[in-house]
Amino acid sequence: GGGGRGGGGRGQKRKRQSGGGRGGGGGGKDQKSDLHRIVKLVMERNLDPVIVFSFSKKDCERYALDLQREDYTDDVEKDLISQVYRNAIESLSEDDRKLPQVEALLPLLKKGVGIHHGGLLPILKEIVEILFSEGLVKALFATETFSIGINMPAKTVVFTNTRKWDGRDFRWVTSGEYIQMSGRAGRRGKDERGIVIQMLDEKMEPAVCKGILYGDPDPLNSSYRISYNMLLNMMRVEDVDPEYLLRASFHQFQRESEAPALESRANVLEQKAAEITVGDSPEDEALAGEYRRMEDQLAATRRGMAKIVRRPDHILPFVQKAGRLLDVTIDGENYGWGCLVSYRRRPGGDSAGSAGKAARDSNEPKHTLEVLLPCVDRHFDERDGKDLDDREREEDAANQGLLWRGTARHCRPVKPSDDPKLVSMRQFTAYLYDVDRISAVRIRVKQDNKSPESRAMVLHSVREVQKRFPEGVPL
């Protein structure tokens with residue numbers, strides 16, 4: 001029913017306690033204060049309910065607590081929230097009712113502020129969902145899981161960030177993720193349009209922005225895998241044809257749909273191979289084959305040497321402190337000498353129990369390095385198939401220093417022909433297997449390298465080291 005908001009909810013003026021100026025009574029970080037002002041503006045213009053998406057459970061709770069001096073509900077709504085909450089937690093034991101998160105959530109909910117993330121008890125998440133669907137929660141701070149699987153639309157959606165940690169890197173959100181979360185803005189039959197507010201804490205290239213807003217959805221790939229155990233269980237069931245089930249699977253459909261393109265590519269490669277001629281005699285072909293085998297053997301030897309160098313017991317003593325020069329290759333592209341900023345080890349691998357086993361069995365790299373590497377934004381090479389004109393190039397070159405985070409997808413290694421104005425130092429996430437060489441040289445580096453000046457200073461220091469050792473940086 002539509003009684004969730006109540007007749008008196010809209011008719012009466014809501015109480016809003018300002019709580020001490022623009023900063024929201026916290027005096028915290030700028031983003032915290034900015035978000036407080038955004039939520040306050042949303043409420044003043046009756047654009048609630050609002051969902052504030054954050055990619056961290058800690059941030060959800062921190063932002064919600066920043067609004068604890070605000071009050072977005074009237075007395076009738078407070079009574080309804082208390083009744084729903086108390087009726088729901090009656091199913092919990094006495095000890096569970098005394099848990100910190102159980103006791104701390106009700107005061108926030110009574111003010112119209114909710115929290116929803118994977119760290120909450122299932123009963124608490126269900127309470128928040130019920131109250132939000134009835135319009136009793138006006139501002140909900142949630143992770144992206146709230147946008148998947150449940151129909152909980154709002155009038156306004158706010159993004160606190162455009163990057164997320166995916167287990168390997170802080171990357172931009174994909175078009176599919178953005179569409180899924182921003183699609184919560186606008187309620188069918190209630191709102192003419194939904195409103196999406198994006199908070200930015202760093203410069204975003206136009207190509208990246210266009211990819212997020214208008215890019216293709218995430219590909220849907222089958223994770224269907226055949227195992228001996230599955231086949232044996234299927235054989236035990238009467239009137240079941242395992243071959244038919246496998247042929248009818250989405251996995252098999254994808255493989256068959258990819259087959260024509262693979263066959264066509266194989267034919268093209270075979271044709272190119274047939275057109276290649278090496279020398280004028282069989283001896284020339286034999287020499288070329290021998291040279292190729294020697295090249296393969298040399299490459300295998302280098303890989304073996306690099307594997308020994310990258311062993312944790314060999315490399316870890318040299319990456320514990322910032323400033324070490326490292327020669328790094330990411331996704332097959334060598335970025336040359338860069339500067340180590342920090343080293344981090346994935347927690348939990350040495351602990352006992354199921355948590356420790358899950359950490360040890362994880363496919364994620366155990367050791368992570370943050371490295372400043374010289375690079376050029378791929379945006380300068382071309383954009384949408386058209387070269388940048390001089391004015392755009394000058395403008396982007398002047399602003400590119402504001403971007404401090406780098407990824408192999410958006411940044412390429414420096415070429416000798418590159419304009420020095422386009423070269424910048426950016427912070428990449430790398431792993432032990434990305435390190436080709438370790439230098440004996442260490443330079444001074446700040447812990448916070450977001451400012452263009454500090455990264456430019458590191459780039460200057462790395463180049464000075466290379467000038468002083470023209471025969472090669474000492475290893």
Side-chain angles (χ1 to χ4, degrees), residues 1-6 9-10 35 39 42-43 47-68 70-74 76-93 96-97 99-160 177-191 194-197:
R5 289 188 177 272
R10 285 291 182 191
L35 181 59
V39 175
V42 166
M43 296 301 173
L47 299 178
D48 57 295
V50 57
I51 302 176
V52 181
F53 281 114
S54 296
F55 300 114
S56 163
K57 300 173 187 176
K58 186 184 294 184
D59 285 345
C60 287
E61 297 178 358
R62 184 162 57 92
Y63 294 142
L65 291 174
D66 189 45
L67 297 179
Q68 59 186 347
E70 304 289 343
D71 195 349
Y72 304 127
T73 58
D74 54 36
V76 175
E77 291 172 326
K78 282 182 171 60
D79 291 339
L80 286 172
I81 291 169
S82 298
Q83 290 177 22
V84 172
Y85 192 84
R86 292 195 179 96
N87 290 338
I89 66 170
E90 282 183 359
S91 60
L92 298 176
S93 64
D96 289 343
R97 293 180 197 177
L99 290 172
Q101 61 176 242
V102 176
E103 294 181 341
L105 188 58
L106 181 57
L108 278 175
L109 291 174
K110 290 175 72 173
K111 294 176 183 292
V113 179
I115 302 172
H116 191 287
H117 59 67
L120 293 178
L121 292 173
I123 185 68
L124 298 183
K125 289 192 288 186
E126 188 174 352
I127 292 171
V128 172
E129 292 166 9
I130 292 172
L131 295 177
F132 185 80
S133 63
E134 292 298 325
L136 298 173
V137 170
K138 317 298 180 183
L140 178 63
F141 295 84
T143 54
E144 62 179 316
T145 54
F146 187 78
S147 67
I148 301 172
I150 53 178
N151 183 26
M152 296 285 169
K155 189 168 186 176
T156 306
V157 165
V158 178
F159 289 87
T160 60
E177 293 168 341
Y178 186 82
I179 291 171
Q180 185 71 31
M181 288 182 279
S182 62
R184 296 296 170 184
R187 298 162 296 175
R188 181 176 297 175
K190 291 185 178 180
D191 305 318
I195 298 171
V196 179
I197 301 173

Side-chain heavy-atom pair Leu121, Leu99 within 4.5 angstrom cut-off: yes

Within 6.0 angstrom of Arg97 CZ, more than 12 heavy atoms from elsewhere: yes

Euclidean distance, Leu105 CG relative to Tyr85 OH, rounded to 0.5 Å: 4.5 Å

Side-chain touch Met43/Val50, heavy atoms, less than 4.5 angstrom: yes

Short side-chain to backbone donor-acceptor contact, Thr156 and Ala185, under 3.5 Å: no

Sub-4.5 Å side-chain heavy-atom contact between Phe141 and Leu65: no

Non-hydrogen side-chain atoms of Leu80 and Thr73 separated by less than 4.5 Å: no

Validation row: Glu61, His117 side chains within 4.5 angstrom (heavy atoms): yes

Any side-chain heavy-atom pair of Phe146 and Leu140 under 4.5 Å: yes

Asp59 vs Arg62 side-chain heavy atoms within contact, under 4.5 Å: yes

Salt-bridge present (Glu77, Lys138; N to O < 4.0 Å): yes

Heavy-atom donor-acceptor pair, Gln101 side chain to Leu120 backbone, under 3.5 Å: no

Residue Glu126 excluded, over 12 heavy atoms near CD under 6.0 Å: no

Val137 versus Phe132, closest heavy-atom pair with distance: O-CD1, 3.7 Å

